[in-house]
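Heads up: numbering here begins at 1 and tracks the sequence. Here the structure is a predicted model, which means the values were calculated and not measured.
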Amino acid sequence: MRVADFDFDLPADLIAQFPPAVRGGSRLLHVEASGVLHDHWFSELPTLLRPDDLLVMNDTRVIKARLFGQKDSGGKVELLVERVTGEFEALAFIRASHAPKPGSHIHLSEDTTLEVLARQDDLTQLRFPRSVLAVLDQFGRLPLPPYIEHVPTADDEARYQTVYADEPGAVAAPTAGLHFDDAMLDTLKQQGIRTARVTLHVGAGTFQPVRVDDVADHRMHSERYTIPQQAADAIRETHARGGRVVAVGTTSLRALEAAAQSGKLHAGSGETDIFITPGYRFKMVDALITNFHLPKSTLLMLVSAFAGMDTIRAAYAHAIAERYRFFSYGDAMFLEKRPPE
């Protein structure tokens with residue numbers, strides 16, 4: 001497969017720059033396994049779910065991962081923390097006229113200096129003078145995606161976070177979860193639909209373009225995930241009852257599929273660079289709630305694997321014609337898994 005197979009033309013005015021006025025006030029495109037399309041509002045999601053369904057949500061919390069500082073020479077540096085690797089260390093993308101060398105320093109303030117430890121491909125390992133999360137909380141800025149063009153505001157700090165975010169570590173939001181508010185969660189509970197939590201700390205690699213022509217040549221950045229035993233048990237019970245496991249977002253799906261590569265879901269933590277493309281056989285997930293993704297992106301390849309390439313092409317063409325809003329602050333889809341051929 002070629003990366004060009006996953007390209008499409010998107011009018012710039014369909015890229016959502018702000019969230020809807022109220023959380024959950026988005027549209028929802030229901031894509032049946034057969035490819036039939038139905039237009040809904042996200043508030044109608046409960047009508048598409050069944051009492052035996054289990055929603056699996058990613059409870060990662062977005063950290064203020066963008067930093068600005070100066071090199072020893074005085075040159076300006078912009079950092080985007082890709083992953084926190086320890087209490088005092090992190091990997092980051094660095095933007096500067098000349099990349100700082102190992103052994104040099106990046107100064108955030110008079111009393112807060114980062115040490116450059118080593119280069120790891122296109123990332124730089126940094127040591128912080130105190131807890132990474134504490135430094136980011138003090139000096140960091142919310143890392144909005146590059147296609148959102150405004151400077152982050154206090155409203156973004158609330159809305160670019162799910163209402164159930166609990167585990168700090170992501171540098172991008174699990175955006176399908178942004179549509180859920182407390183009232184929706186209460187409605188689902190009253191309807192008998194259970195939820196389970198997993199954690200996958202979304203890395204900045206999610207924004208990195210695919211720079212190869214052949215899909216098979218692309219390599220994913222690794223991300224940390226955790227599957228609690230309670231979630232693993234709930235998923236097994238759901239399938240035993242004949243219910244559906246509905247992943248809220250591609251990050252929840254990737255965590256579950258990464259933990260089930262042996263064919264059986266294993267609780268615990270690990271690193272995954274799983275790259276899901278058409279032809280992949282899904283082991284855990286039966287339906288997927290997801291936003292609309294960028295052209296030629298790994299996430300568009302994932303949903304094409306889940307629902308079928310022709311089905312996704314038709315769904316995206318419909319969404320553009322009907323002026324759905326795209327990407328992180330945009331509208332959502334409810335995808336049913338395409339049956340294996």
Task: Qualifying residues under salt bridge (charged side-chain N to carboxylate O under 4.0 Å, His left out), relative to R141, sequence neighbours excluded - done: none

TODO: Applying salt bridge (charged side-chain N to carboxylate O under 4.0 Å, His left out), name anything that partners D52, two or more places apart in sequence or on another chain.
DONE: R241

Determine the interplanar angle of the [X] and [Y] rings, folded into 0 to 90°, and report it as parallel if under 30°, tilted if 30 to 60°, perpendicular if over 60°.
| X | Y | value |
| --- | --- | --- |
| Y316 | F8 | perpendicular |
| F180 | F42 | perpendicular |
| F282 | Y280 | perpendicular |

- [ ] Check each of V116, I106, L67 against V77 using the side chain to side chain contact (heavy atoms under 4.5 Å, CB included) test, and report the only one that passes.
- [x] I106

TODO: Determine, stepwise, if the pair T113 / H105 fulfils side-chain hydrogen bond (donor to acceptor under 3.5 Å, both in side chains).
DONE: CA-CA 7 Å; T113 297; H105 301 87; over 6 Å; no

TODO: Please lay out, stage by stage, how S222 and D273 fare under the test side-chain hydrogen bond (donor to acceptor under 3.5 Å, both in side chains).
DONE: CA-CA 4 Å; S222 183; D273 59 359; 5.9 Å; no

Task: Any side-chain donor near an acceptor of the partner, Q229 and D233, under 3.5 Å - done: yes

Give, for atom [atom1] of [X] and atom [atom2] of [Y], the distance between the pair rounded to the nearest 0.5 Å.
| X | Y | atom1 | atom2 | answer |
| --- | --- | --- | --- | --- |
| Q70 | H107 | CD | NE2 | 8.0 Å |
| D39 | D331 | CG | CG | 10.0 Å |
| D286 | L54 | CG | CG | 10.0 Å |
| D217 | D213 | CG | CG | 8.5 Å |
| T277 | M301 | OG1 | CE | 8.0 Å |
| K283 | S262 | NZ | OG | 9.0 Å |

Going by heavy atoms in the side chains, are [X] and [Y] under 4.5 Å from each other?
| X | Y | answer |
| --- | --- | --- |
| Y329 | N291 | no |
| L79 | L126 | yes |
| L200 | R254 | yes |
| I289 | L55 | yes |
| T60 | D166 | no |
| I235 | M284 | yes |
| S297 | V210 | no |
| H218 | T298 | yes |

Identify the two heavy atoms, one from [X] and one from [Y], that lie closest to each other, and give their separation to 0.1 Å.
| X | Y | result |
| --- | --- | --- |
| Y164 | N58 | CE1-O, 3.3 Å |
| R119 | D122 | NH2-CA, 4.2 Å |
| M57 | V248 | CG-CG2, 3.8 Å |
| S97 | K71 | OG-NZ, 4.0 Å |
| A258 | T272 | CB-OG1, 3.3 Å |
| D214 | V3 | C-CG2, 4.5 Å |

Open item on the list: For a side-chain hydrogen bond (donor to acceptor under 3.5 Å, both in side chains) check, start with the C-alpha distance between E336 and H30, then their side-chain angles and the critical distance, and finish with the verdict.
Closed with: CA-CA 8 Å; E336 296 177 0; H30 176 203; 2.9 Å; yes

Tell me if the [atom1] atom of [X] is crowded by more than 12 foreign heavy atoms within 6.0 Å.
| X | atom1 | result |
| --- | --- | --- |
| K264 | NZ | no |
| Q191 | CD | yes |
| R236 | CZ | yes |
| D9 | CG | no |
| K296 | NZ | no |
| H150 | NE2 | yes |

Open item on the list: Does the structure place the NZ or CZ of R27 under 6.0 Å from the centre of the six-membered ring of Y324, at an angle of no more than 45° from the ring's axis?
Closed with: yes

Salt bridge present between [X] and [Y] (N-O < 4.0 angstrom):
| X | Y | result |
| --- | --- | --- |
| E237 | R194 | yes |
| R313 | D310 | yes |
| E223 | R83 | no |
| E167 | R61 | no |

TODO: Kindly determine whether S269 and T226 satisfy side-chain hydrogen bond (donor to acceptor under 3.5 Å, both in side chains), including the steps that lead there.
DONE: CA-CA 4 Å; S269 298; T226 298; 2.8 Å; yes

Can you list, pair by pair, the side-chain donor-acceptor contacts under 3.5 Å of residues 10-18, counting residues two or more places apart and other chains?
residue, atom, partner, partner atom, Å
D13, OD2, R323, NH2, 2.6
Q17, OE1, E149, N, 2.8
Q17, NE2, Y147, O, 2.9

Task: Residues that, via side-chain heavy atoms closer than 4.5 angstrom, fall in one hydrophobic cluster with F68 - done: none

Open item on the list: Is there a side chain to side chain contact (heavy atoms under 4.5 Å, CB included) between I63 and V132? Walk through the geometry before answering.
Closed with: CA-CA 10 Å; I63 57 178; V132 174; 6.0 Å; no

TODO: Please report the C-alpha distance between V215 and R2 in whole Å, then the side-chain angles of each, then the deciding distance to 0.1 Å, and finally whether the side chain to side chain contact (heavy atoms under 4.5 Å, CB included) criterion is met.
DONE: CA-CA 6 Å; V215 170; R2 316 302 296 180; 5.9 Å; no

TODO: Would you please name every residue forming a side-chain hydrogen bond (donor to acceptor under 3.5 Å, both in side chains) with H293, sequence neighbours left out?
DONE: T290

- [ ] Applying side chain to side chain contact (heavy atoms under 4.5 Å, CB included), run through I276 and F306 and close with a yes or a no.
- [x] CA-CA 9 Å; I276 296 175; F306 193 81; over 6 Å; no

- [ ] Could you note down all residue pairs passing ring-ring contact (aromatic ring centres under 6.0 Å, His included) where residues 117-141 supplies at least one of them, sequence neighbours left out?
- [x] none

Task: Verdict with supporting geometry, L178 and R159, side chain to side chain contact (heavy atoms under 4.5 Å, CB included) - done: CA-CA 7 Å; L178 299 180; R159 295 295 299 276; over 6 Å; no

